[in-house]
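Here the structure comes first, spelled out in structure tokens, and everything after it is commentary.
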Amino acid sequence: MSTLQSIKEEAERRIAEAVGADALEEIRVAILGKKGELTQILKGMKDLSPEERPKVGQQVNEVRAALEEKLAAKKQEIKHALLTERLKHETIDVTLPGKRVVRGHRHPNQIALEELERVFIGMGYEVVEGPEVEYDEYNFKLLNIPANHPAKDEQDTFYITRSPEGTDKDILLRTQTSSVQARIMKQGKLPIKIISPGRVFRSDAVDATHSPSFHQVEGLVVGKDVTMADLKGTLDQFAKEFFGPNTKTKLRPHHFPFTEPSAEVDVTCFKCGGKGCSVCKGSGWIEILGCGMVHPHVLEMCGIDPEVYSGFAFGIGLERVTLLKYEIDDMRLLYENDVRFLGQF
Ligand code: DAH
């Protein structure tokens, strides 16, 4: 009994003096653990007489309960002290200046695209999107681009899958947004008046005017009595609104497999107004897009009767017009994401 009493007193003293949670745990193990002092006494009970056993057992249990209570109280006390200490260090000085949140803004390509969309929406166009991973059928076949056309070469096109016969089972990264033309016409809803901006891919090395990934904005109008005059008038209006009211347009004959006749369109240089300068390389004109009247065969393949309907289409190089509008001389600047450059727009 006296051993028990001295164990209790000694333990209480140690608990009261314990500094920190680790020290407290050590004390608990030394007394109540498997090899602890109290546990040893319980083990020694087999040597006692049957009359003494229950008394001692009861005493041990009382001591154990009392110590457990002390331990729990001390544990709580240590935890509380720790928290008070932490709060002292972690007080917030509300008078300190706040962290500045740097505000981002639109990329020049995006600014130009939104401006371009605004112009065409103003003329009654709908903005639609098509997939960047596309079937050969939409990217080439339905656009009258024959199997042996150089654009279909692996040097120009990124193929995802390629069928042995190289036909419409091919899946590729679209090389032009013109693929959306075929998709929209195939849907069979007429008339059509859409633009379709998006990313296109070509197996090109990076330089000042080339990138393996860039953007185009496709335009397509199909209806009754749509003529080349409508095309010219539309592009004229676009150029004036986008580059400035004095801008003139010029159609130069060209060839695209999916339009007949086809043209490339130049605008008067916005910098010199057509006199000739470094921006237009002395010619006074700058090329901005390809266009034409939708080829009757393309209409037919997409299920539209070319005897009843006609249409025009155009494809604007988005980076092209962005560079021109903001007088940027290297396309790479648009992709490098240097905020010192981008912050200027
Ligand atoms: N898809 C052509 C290209 O990538 C551009 C183009 C030309 C689009 C004529 C058209 C078009 O819709 O009619 O070079």
Side-chain angles (χ1 to χ4, degrees), residues 116 120 125-132 134-146 149-153 155-158 172-186 192-204 209-223 226-236 238-239 249-267 286-299 301-302 304 306 309-322 331:
L116 189 152
F120 280 102
Y125 284 70
E126 197 184 329
V127 182
V128 303
E129 280 183 26
E132 292 173 2
E134 185 57 283
Y135 291 108
D136 173 282
E137 186 179 8
Y138 294 112
N139 195 85
F140 292 130
K141 193 178 158 204
L142 290 172
L143 296 173
N144 231 4
I145 297 171
H149 195 279
K152 294 188 68 170
D153 201 291
Q155 282 171 359
D156 293 303
T157 301
F158 293 113
L172 42 89
L173 298 183
R174 66 176 176 190
T175 62
Q176 50 185 357
T177 45
S178 303
S179 54
V180 184
Q181 286 189 29
R183 282 184 170 271
I184 296 292
M185 285 192 279
K186 275 249 163 191
I192 296 166
K193 199 170 176 184
I194 56 108
I195 57 167
S196 184
R199 195 187 289 270
V200 300
F201 305 86
R202 290 187 199 170
S203 183
D204 279 332
T209 54
H210 291 87
S211 161
S213 152
F214 56 102
H215 300 79
Q216 291 185 331
V217 182
E218 198 71 16
L220 175 68
V221 174
V222 180
V226 177
T227 70
M228 192 108 184
D230 298 317
L231 171 61
K232 167 104 169 120
T234 300
L235 296 176
D236 233 34
F238 159 67
T249 54
K250 175 171 83 175
L251 271 68
R252 270 183 296 104
H254 197 76
H255 169 76
F256 294 105
F258 39 95
T259 43
E260 182 58 38
S262 305
E264 277 188 334
V265 172
D266 297 344
V267 291
I286 297 168
E287 181 207 322
I288 58 159
L289 59 88
C291 66
M293 299 306 292
V294 182
H295 199 296
H297 189 220
V298 170
L299 288 174
M301 281 191 287
C302 293
I304 296 171
Y309 293 96
S310 57
F312 66 75
F314 55 87
I316 304 170
L318 181 61
E319 279 78 358
R320 196 89 222 254
V321 293
T322 303
M331 188 158 87

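Counting starts at 1 for both ligands and their atoms, in listed order. In this chain, numbering begins with 1 at the start of the sequence shown. Below, all heavy atoms of this structure are taken into account, side chains as well, without hydrogens, waters or symmetry copies.
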Give a yes-or-no answer on whether the side chains of Glu218 and Gln181 include a donor-acceptor pair shorter than 3.5 Å. yes
Atoms in ligand 1 flagged as close to Gly292, the criterion being non-hydrogen separation under 4.0 Å: 13 (O)
Does ligand 1 have any atom sitting under 4.0 Å from a heavy atom of His255? no
Could you tell me, atom by atom, which parts of ligand 1 come under 4.0 Å of a heavy atom of Phe256? 7 (C), 9 (C)
Quick one: closest heavy-atom pair of Thr157 and Lys152, and the distance? OG1-CA, 4.0 Å
Does the ring center of Tyr125 lie less than 6.0 Å from the ring center of Phe238? no
Check if Phe258 has a non-hydrogen atom at a distance under 4.0 Å from any atom of ligand 1. yes
Verify the neighbour count for atom CD of Glu132: are there more than 12 heavy atoms of other residues, nucleotides or ligands below 6.0 Å? yes
Who's the nearest protein heavy-atom neighbour of atom 12 (O) of ligand 1, and how far? Glu218 OE2, 2.5 Å
What are the two closest non-hydrogen atoms of Val226 and Gly311, and how far apart are they? CG1-CA, 4.0 Å
Those atoms of ligand 1 less than 4.0 Å from some heavy atom in Ala313: 12 (O), 13 (O)
Counting heavy atoms only, which part of Arg174 comes closer than 4.0 Å to ligand 1: side chain, backbone, both or neither? neither
What are the atoms of ligand 1, with element, lying closer than 4.0 Å to any heavy atom of Gln181? 10 (C), 12 (O)
Any idea which atoms of ligand 1 are less than 4.0 Å away from a heavy-atom of Gln216? 3 (C), 4 (O)
For the residue pair Lys193 and Glu126, establish whether any side-chain heavy-atom pair is separated by less than 4.5 Å. no
Report the part of Ser178 (side chain from C-beta onward, or backbone N, CA, C, O) that has a heavy atom under 4.0 Å from ligand 1; answer both or neither where that applies. side chain
Looking at Met228 and Pro261, what are the two nearest heavy atoms and their distance? SD-CG, 3.8 Å
Quick check on contacts: which atoms of ligand 1 are under 4.0 angstrom from a heavy atom of Thr259? 13 (O)
Contact summary for Ser213 and Phe201, nearest pair of heavy atoms: CB-CD2, 3.9 Å
Looking only at protein heavy atoms, which one is nearest to atom 2 (C) of ligand 1, and how far off is it? Gln176 OE1, 3.7 Å
